[in-house]
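Shown next, in structure tokens, is the structure this report addresses.
Both backbone and side-chain heavy atoms feed into the values below; hydrogens, waters and symmetry mates do not. In the text below, chain A, chain B and the rest are named by the order of the sequence lines, each starting its count at 1.
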Protein chains: 2
Amino acid sequence: MTLDIDPVQSDRSRDALTAAHLYYLQDLTMDAIARELHTSRSSVSRLLSHARETGLVDIQIKSPLDAPSHLEQQLEARFRIEAHVVPVPDSASDVDRLERVALSVARILGQYFDSNMTMGIAWGSTMNAISRHVTPKQTHNSQIVQLNGAGNMRTTGLGYASEILGRFGTAFGAHIQQFPVPAFFDDPATKKALWRERSISRLIDMQATMDIALFGLGSPFSGVISRVYAGGYLEKAEFDALSAAQVVGDVATVFYRADGSTDGIALNERSTGPEFTVLRRTPRRICVVAGRSKLASLRGALAARLITDLFVDESTARALVEAS
Amino acid sequence: MTLDIDPVQSDRSRDALTAAHLYYLQDLTMDAIARELHTSRSSVSRLLSHARETGLVDIQIKSPLDAPSHLEQQLEARFRIEAHVVPVPDSASDVDRLERVALSVARILGQYFDSNMTMGIAWGSTMNAISRHVTPKQTHNSQIVQLNGAGNMRTTGLGYASEILGRFGTAFGAHIQQFPVPAFFDDPATKKALWRERSISRLIDMQATMDIALFGLGSPFSGVISRVYAGGYLEKAEFDALSAAQVVGDVATVFYRADGSTDGIALNERSTGPEFTVLRRTPRRICVVAGRSKLASLRGALAARLITDLFVDESTARALVEAS
DNA sequence: AACCGGATTGAACATACGTGCAAGGAGCCG
DNA sequence: CGGCTCCTTGCACGTATGTTCAATCCGGTT
């Protein structure tokens with residue numbers, strides 16, 4: 001057994017690297033590059049795609065700091081967060097919105113995550129969308145930790161959640177830490193007991209000391225039903241209880257009201273997501289929101305001070321600013 | 001008088017920014033972007049060019065660290081420098097070589113230079129070529145300092161050198177410090193006297209404390225005549241003296257031999273470039289070389305330990321490694 | 001108000017680029 | 001040694017992008 005890299009792979013990458021050099025740093029046409037590399041133009045096109053996909057080429061966009069859009073400035077001033085407004089035409093559907101915001105986030109994420117870091121991630125449609133596009137970036141000694149369990153009455157949830165987790169993991173070359181518990185326990189006592197198990201508490205500790213948290217928002221009572229409510233995670237009675245408690249949203253299956261409060265929301269006792277008091281210790285907490293249906297939920301999360309960095313589509317951002 | 005930015009400029013930049021967002025982060029086609037921005041596709045193409053040219057979009061290429069080319073590794077091991085080999089086909093002319101290496105350097109330079117830094121730059125065909133392509137990057141409180149005088153019998157040299165200097169200055173938003181003296185004094189005493197003038201000594205001090213030096217190499221006795229020898233800077237007699245002293249090259253009009261030594265080279269007493277003992281204190285000293293005609297000169301500069309970072313075209317790099 | 005550069009715009013054209021496809025390997029059984 | 005699959009390659013085609021040019025707009029001047 002040897003440590004050599006697959007020579008074919010390495011050949012390919014070496015070529016991709018020179019191709020990228022010639023294309024992006026020397027402005028040669030793919031045709032010219034093809035001649036220098038003794039191959040066809042189409043292969044060069046493919047090499048360059050490969051270079052971009054694998055993060056060999058890194059394209060960043062830098063706001064000249066003096067020109068964050070008016071919207072971003074307002075959000076930053078009003079909520080004390082770093083805001084990133086993703087331009088999406090007002091006519092776009094909510095699906096488009098999510099897809100486009102997710103794509104933007106996926107491309108930028110590498111600027112936040114680095115070697116020796118631990119990032120906690122939730123799961124759900126937002127995280128799923130992001131995971132499908134993350135641009136790879138090689139890191140060392142870094143960890144991706146699942147924030148909340150994903151099991152329900154029908155499945156252990158390991159498939160869906162770990163797919164998401166896995167995509168982040170391979171993109172960053174990070175170890176992944178799954179959280180093999182249901183989204184909600186039936187009995188709070190089970191949770192307490194499990195939390196004392198070393199295998200689980202190790203994970204809880206990692207969550208408590210992570211450098212970055214990345215999450216979307218659940219919004220139980222708005223048009224688009226978040227995955228948590230659709231997938232058999234909650235019974236009708238539980239759902240009604242949330243409604244009665246005036247819940248407006250959740251982060252990693254921990255629920256909150258419009259004012260950001262969580263006290264007396266019974267379901268949280270059985271939820272596996274990190275308590276907000278813990279979450280708030282994470283230095284960078286990136287929230288991704290797309291679509292106006294999540295507006296109430298977003299207001300609540302802001303009130304709960306769960307967010308340090310917000311990625312949001314333009315029209316939702318506008319709505320957020322206007323109503324305040 | 002107001003501090004507002006030209007609203008037209010700012011409009012343009014804002015659009016360029018969103019266009020860049022949509023194009024590079026969301027993979028929209030220019031056509032789609034045109035519709036969102038209510039303009040024509042060609043305008044979007046222009047906006048994107050603008051965004052790239054002004055450094056709004058920053059494209060980096062990251063060697064996965066495990067894959068610096070064989071050549072780069074050898075150079076780094078042998079000379080204790082950071083090497084960047086620029087791929088250029090062996091068939092390319094020396095002019096092409098220079099142009100392509102310069103373009104690469106111009107694109108990468110922003111990764112080295114930042115706010116609050118001082119960079120010293122020489123002048124000559126290499127620096128000229130680089131200056132014509134530097135990708136802008138906004139910095140604050142940074143300085144560009146001219147390393148050596150550019151005047152000669154016919155002109156003050158302020159035009160040519162300051163054009164170069166100016167391009168770097170505007171690209172980085174840096175203050176520029178010209179060096180209004182000839183390349184060589186006739187009398188060493190004049191130099192000594194001037195060096196005591198506060199206006200000049202201030203500049204010398206800046207050179208002594210700069211963070212980065214950027215220079216090409218002169219190679220008096222090889223095919224392509226460096227600007228120093230062509231432009232009326234040296235008399236026949238001086239040229240002969242250099243030859244007799246076995247000089248192989250110069251950095252900022254300070255001459256050295258193949259072994260890197262400078263002792264007893266009379267012309268250096270009258271040269272306005274920084275002494276090597278001073279130059280070597282600069283933490284990062286970036287040398288840009290293109291063309292095998294500069295090989296001897298490059299060997300000397302390496303022997304003189306003037307270089308910490310080398311940018312060189314592929315075939316010159318190969319020649320350098322092979323002959324050692 | 002009429003006039004004049006100079007900059008900006010969209011249409012049209014000319015390139016350059018991405019991708020489906022069929023052909024040609026390279027490895028892997030049977 | 002076929003015969004199989006899976007992967008890579010170059011070609012051909014359609015689309016996306018860069019660029020020229022004439023028309024238009026704008027700010028300043030007479």
Side-chain angles (χ1 to χ4, degrees), chain A residues 1-2 4-59 61 87 89 96 99-100 103 107 132-133 135 170, chain B residues 1-2 4-59 61 87 89 99-100 103 107 132-133 135-136 170:
Chain A
M1 178 164 152
T2 156
D4 281 342
I5 305 159
D6 175 5
V8 173
Q9 254 321 4
S10 136
D11 240 38
R12 196 180 157 74
S13 287
R14 204 168 35 74
D15 278 359
L17 201 62
T18 31
H21 242 275
L22 296 172
Y23 192 77
Y24 289 108
L25 297 183
Q26 293 187 24
D27 291 343
L28 296 207
T29 112
M30 294 189 181
D31 225 344
I33 298 174
R35 282 193 295 276
E36 297 203 7
L37 259 49
H38 306 291
T39 178
S40 75
R41 194 184 52 67
S42 21
S43 295
V44 174
S45 169
R46 285 187 269 254
L47 277 180
L48 288 172
S49 303
H50 176 74
R52 284 186 299 261
E53 277 161 18
T54 55
L56 261 171
V57 173
D58 179 32
I59 301 185
I61 299 199
D96 275 357
E99 201 60 25
R100 290 179 56 168
L103 196 46
R107 296 281 169 83
R132 287 199 319 272
H133 301 291
T135 306
T170 56
Chain B
M1 176 164 153
T2 155
D4 280 341
I5 304 160
D6 176 3
V8 172
Q9 252 325 3
S10 132
D11 240 37
R12 195 179 156 73
S13 286
R14 204 168 35 73
D15 279 359
L17 201 61
T18 35
H21 227 108
L22 296 172
Y23 192 78
Y24 289 108
L25 261 24
Q26 294 187 27
D27 291 343
L28 296 206
T29 119
M30 295 189 179
D31 223 344
I33 298 174
R35 283 193 295 275
E36 296 201 9
L37 258 48
H38 306 291
T39 178
S40 74
R41 196 184 52 68
S42 14
S43 295
V44 174
S45 171
R46 285 187 272 254
L47 276 180
L48 288 172
S49 304
H50 176 73
R52 283 187 299 259
E53 277 161 17
T54 56
L56 262 172
V57 173
D58 178 31
I59 302 185
I61 299 197
E99 200 60 25
R100 292 178 57 167
L103 194 47
R107 297 280 169 85
R132 288 200 318 272
H133 301 292
T135 305
T170 57

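- The CG-P distance, from Leu37(A) to dT9(D), rounds to 11 Å in whole Å.
- Listed by chain and residue number, Met30(A) satisfy the side-chain contact (heavy atoms from CB on, under 4.5 Å) test with Ser45(A) (two or more places apart in sequence, or in another chain).
- Remark: C1' of dT8(C) and CG of Asp15(B) are 13 Å apart, rounded to the nearest angstrom.
- Within the structure, every pair that satisfies the salt bridge (charged side-chain N to carboxylate O under 4.0 Å, His left out) test and touches residues 43-59 of chain B, not counting sequence neighbours, is listed here: Lys62(A)-Asp58(B).
- Residues satisfying the side chain to side chain donor-acceptor pair (under 3.5 Å) test with Arg107(A), not counting sequence neighbours, are Asp27(B).
- In terms of the side chain to side chain donor-acceptor pair (under 3.5 Å) criterion, Thr29(B) has no residue partners (sequence neighbours excluded).
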Contact pattern, 5' to 3', of nucleotides 16-22 of chain D - B, S or - by protein heavy atom under 4.0 Å: -BBBB--
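- Between dG10(C) and Ser43(B), a contact under 4.0 Å exists linking OP1 or OP2 to a side-chain N or O.
- Rounding to whole angstrom units, CD1 of residue Ile33(A) and P of dG18(C) are separated by 11 Å.
- In this structure, the side-chain contact (heavy atoms from CB on, under 4.5 Å) partners of Glu99(A), at least two apart in sequence or on a different chain, are Ala129(A), Arg132(A), His133(A).
- Residues Asp15(B) and Thr39(B) fail the side-chain proximity criterion, which asks for heavy atoms closer than 4.5 Å.
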